[in-house]
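These notes concern the structure reproduced below.
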Amino acid sequence: MMDFLQKLNPQQQQAVTVGAGPVLVLAGPGSGKTRVLTARIAYLISHHRVYPYNILAVTFTNKAAREMETRVMSLLGPRARGLTLGTFHSTCARILRQEADHLPFTSNFVIFDSDDQIDIVRQALADLNLDEKRYRPTAIQAYISAAKNELIFPQDYPIQTYRDEVIKNVYARYQEILLAINGLDFDDLLLWAVWLFDEHPEVCAKYSRRFEQVLVDEFQDTNMAQYTLLKQLTSFHRNIFVVGDIDQSIYRWRGADYRNVLRFEKDYPEAQIILLEQNYRSTQSILDVAMAVIDHNPHRKPKRLFTQRGRGIRVVLHHAMDDRQEAAFVVDTIADLVARGEARPGDFAIMYRTNAQSRLLEEAFLHAGMPYKLVGAQRFYGRREVKDILAYLRLVRNPEDELSLTRAINVPPRGIGEKTLATLKVCARRASMSPGNLLLELSRGDTSPFWQQFPTRAATVLQQFGALLVHWRAHLNELPPLSLMDLILQDIQYRDYLEDGSDEGRERWENIMELRRLAAEYTERGLDAFLEDVALVSDQDTLDDSASVPTLLTLHAAKGLEFPIVFIVGLNDRVLPHVRSFDDPEAMQEERRLFYVGITRAKDRLYLVVPLNRHAYGFYEPLEESRFISDIPSSLLEYSGVEQVEAFRLAASAPADWQKNRVTSTPPLQPQFQPGARVLHPIWGEGMVLNSKIQDDDEIVDIFFEDVGLKRVAASLARLKLKV
DNA sequence: ATGGACAATGTTTTT
DNA sequence: CATTGTCCAT
């Protein structure tokens with residue numbers, strides 16, 4: 001029964017059985033890191049008599065957590081009961097609910113998603129009389145989120161410019177609003193957990209003693225808050241076992257910092273470091289392409305990936321005339337391989353850089369009458385109809401939730417417009433109560449002392465809505481989430497509202513049916529659990545492994561997954577690597593890692609697809625091949641598709657005429673940016689030109705930015721705008 | 001208060 | 001192009 005150790009290779013065995021103290025496992029793609037993590041947990045329980053209760057394992061997605069749980073269970077059976085296994089966010093949520101006495105909110109707080117966050121920023125801007133045009137809510141939200149990831153509270157927000165001061169004020173107001181409605185955003189879950197452990201060492205000690213063994217998956221994607229949290233939790237015993245791979249770090253924009261891996265080595269000098277290089281997933285042909293790509297990133301510890309699976313089929317590089325032909329190629333190839341019995345539909349995955357790219361692919365699948373599935377929680381939970389119904393549920397659960405109230409109160413339209421809503425809020429503030437509670441009060445009709453304060457029409461509609469709320473709240477504790485949802489749907493006649501006869505309306509109602517299906521699973525666990533899980537789902541969590549049809553997903557969503565046959569599409573400069581990463585070397589390296597992650601998902605076959613033109617923003621425009629393609633020796637590739645391109649590639653060493661023809665806009669030879677001119681940069685904001693010179697057919701501009709200081713940029717890449 | 005017509009505007013990745 | 005915001009008539 002302990003034979004799980006025998007099935008491991010020597011490095012894996014070493015990782016699983018290494019003694020106590022800090023351990024860093026550097027695990028290449030497909031090297032069996034989940035297997036190591038689960039075997040380690042099983043080993044601790046079976047060989048070292050560690051109680052499952054004393055083990056904490058954290059992952060980044062619920063799917064990964066569930067998979068680990070299943071695997072540990074299959075190794076140990078019921079002996080593994082009592083493990084704490086979850087995502088960073090869900091684990092923190094649990095701790096915060098448990099310890100709410102020490103925190104400035106109560107244990108039934110609601111978790112707000114990124115759309116809600118934008119709404120709150122809007123509210124904060126309005127409260128401070130700031131213009132949304134000048135301070136874009138999404139930008140402000142990004143600053144707030146970045147600050148939270150760095151554990152910076154509003155009062156400590158560093159100020160260098162006037163803009164910083166504004167952000168600080170908005171951030172402060174933002175937090176006030178959240179606390180007033182008893183809500184936390186994603187980042188707060190981590191931030192408050194760290195704060196709790198900092199302010200209350202006895203609480204920290206409690207958890208640190210309880211979790212005597214801490215294991216972490218995807219360690220390269222931790223941010224400062226998560227790293228600090230781990231340090232706090234393990235300060236007591238230093239039993240921290242982390243698994244990661246810097247080459248697969250792709251969440252920098254979300255605050256993740258792969259340098260946490262280096263920090264770990266420094267903070268735990270006694271750490272055992274174990275390298276897993278043997279790959280059990282891909283053929284050598286695929287691994288060679290992967291290494292060729294990633295080796296172009298500087299400052300890497302070289303890692304040699306090898307496999308015993310043999311060479312396999314050569315990686316295909318296909319050039320398509322445009323993005324439509326690209327989609328057609330994908331669908332045709334799949335149909336062909338399936339027809340020839342070489343693969344089953346469920347073997348395929350199609351990966352792309354941006355969600356927008358899925359549309360043409362979906363159309364091609366639809367056109368061919370071929371079923372497919374699309375990974376993406378955002379897409380579902382971001383739908384208006386889904387958010388509406390969730391807002392109703394949140395409001396019923398917590399009438400103080402002004403955000404959900406604002407969302408729900410006039411959907412479907414019931415005559416409560418902006419004016420009435422504003423009066424309601426003012427009135428509530430004057431009586432120092434929440435608008436939701438005022439609404440409950442107004443349900444009593446003209447016996448309510450507040451009745452007089454509204455025009456008769458407004459008072460009537462508000463009373464009706466208040467009465468609905470009272471009615472739903474009466475059933476809050478007796479009805480399971482699904483029944484409560486059905487009650488609401490019926491009372492507001494949501495179906496009639498959505499189904500207007502259009503395809504879109506029907507689709508919206510189908511989304512509601514899907515939401516019902518999800519709610520049905522919470523009959524035992526209740527509404528709070530439903531609302532929490534819904535807030536914390538990851539894209540991967542929506543992936544249904546059982547459906548045996550091709551999968552469409554972003555490269556980001558693909559991390560940690562594997563498929564027999566993979567297509568990576570849209571391999572163009574400005575797509576992958578994405579435009580927004582051109583003037584930042586770190587971002588550019590991350591794009592390369594993203595490509596690497598995609599390549600290493602493939603087990604047997606890999607298709608790299610390059611469209612030469614695309615339909616974008618109403619125009620048909622030429623595209624350049626991704627610069628990453630030229631990192632791959634042509635001996636590793638099988639060329640397919642548009643023939644001239646192959647000739648182009650072969651002739652590329654000699655600067656031929658075609659290059660001139662393919663470049664659409666020739667760079668200006670006269671400097672466009674004069675010293676003293678004001679310019680606008682998409683990321684760095686406003687700045688002043690200090691100097692500019694022509695070099696290599698491009699304009700090199702030195703700019704002093706208000707926010708980030710002196711930068712040197714290439715005009716052709718940086719998308720500068722002259723300010724007038 | 002509501003819904004339609006038109007203009008502007010923006011285009012990454014997601015717990 | 002597709003979404004979102006703004007203005008205007010009902």
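Protein chains get the first letters and strands the later ones, always in sequence-line order, with residue 1 at the start of each. Here the structure is a predicted model, which is why all the values come from computation and not from measurement.
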Please report the distance, rounded to the nearest Å, between [atom1] in [X] and [atom2] in [N].
X	N	atom1	atom2	result
A/D116	B/dT14	CG	P	18 Å
A/W253	B/dT13	CH2	P	8 Å
A/L536	B/dT15	CG	P	10 Å
A/R574	B/dG10	CZ	P	17 Å
A/Q357	B/dT11	CD	C1'	12 Å
A/L576	B/dT13	CG	C1'	11 Å
A/H556	B/dT14	NE2	C1'	8 Å
A/R254	B/dT13	CZ	P	13 Å

request  = Rounded to whole angstrom, note down the P distance from B/dT13 over to C/dT4.
outcome  = 14 Å
Could you list the protein-to-nucleotides 1-3 of chain B atom pairs, N/O on both sides, closer than 3.5 Å?
| unit_1 | atom_1 | unit_2 | atom_2 | d |
| --- | --- | --- | --- | --- |
| B/dA1 | OP1 | A/G417 | N | 3.4 |
| B/dA1 | OP1 | A/T420 | OG1 | 2.9 |
| B/dT2 | OP1 | A/G415 | N | 2.8 |
| B/dT2 | OP2 | A/N410 | ND2 | 2.8 |

request  = For DNA chain C, note the earliest and the latest nucleotide, 5' to 3', having some atom under 4.0 Å of a heavy atom belonging to chain A.
outcome  = C/dC1 to C/dT6
ask   = A/R136 near the nucleic acid: base, sugar-phosphate alone, or nothing, with a heavy-atom cut-off under 4.0 Å?
value = nothing
message = What contact category does A/F186 fall into here, base, sugar-phosphate, or nothing, at under 4.0 angstrom with non-hydrogen atoms?
response = base
query = Atom OH of A/Y174 and atom NZ of A/K148: how far apart are they, to the nearest 0.5 Å?
reply = 4.5 Å
ask   = Without hydrogens or angle criteria, can the side chains of A/N511 and A/E385 be said to hold a donor-acceptor pair below 3.5 Å?
value = yes
message = Is the phosphate of B/dT14 approached by A/N355 (side-chain N or O, under 4.0 Å from OP1 or OP2)?
response = yes
ask   = Reckon A/S581 has a side-chain N or O less than 4.0 Å from the OP1 or OP2 of B/dT12?
value = no
query = Charged N to carboxylate O under 4.0 angstrom, A/E362 versus A/R359?
reply = no
inquiry  = Ring centres within less than 5.5 Å and planes less than 30° apart: is that true of A/H578 and B/dT12 in this structure?
reply    = yes
task = Verify the stacking flag for A/F88 against B/dT15: centroid separation must be under 5.5 angstrom and the ring planes must differ by under 30 degrees.
result = no
task = Please tell me which of A/L190 and A/R353 maps to the more 5' nucleotide of DNA chain B, matching each residue to the nucleotide holding its nearest heavy atom.
result = A/R353
ask   = Quick one: are the ring centres of A/F264 and A/F219 less than 6.0 Å apart?
value = yes
task = Look at the rings of A/Y372 and A/F365 and say which category their plane angle falls in: under 30° parallel, 30 to 60° tilted, over 60° perpendicular.
result = tilted
query = For A/Y251, what residues pass the ring pair (Phe, Tyr, Trp, His ring centres under 6.0 Å) criterion, not counting sequence neighbours?
reply = A/W253, A/H556
note = Those residues at least two apart in sequence (or on a different chain) that pass ring pair (Phe, Tyr, Trp, His ring centres under 6.0 Å) with A/F197 are A/Y207
key: Passing candidate, ring-ring contact (aromatic ring centres under 6.0 Å, His included) with A/W192, options A/F186, A/F153, A/F109   = A/F153
task = List in chain and number order the residues that pass salt bridge (Lys or Arg N to Asp or Glu O under 4.0 Å) with A/K33, two or more places apart in sequence or in another chain; answer none if no residue qualifies.
result = A/D217, A/E218
key: Qualifying salt bridge (charged side-chain N to carboxylate O under 4.0 Å, His left out) pairs with a residue from residues 404-417 of chain A, counting only residues at least two apart or across chains   = A/D388-A/R407
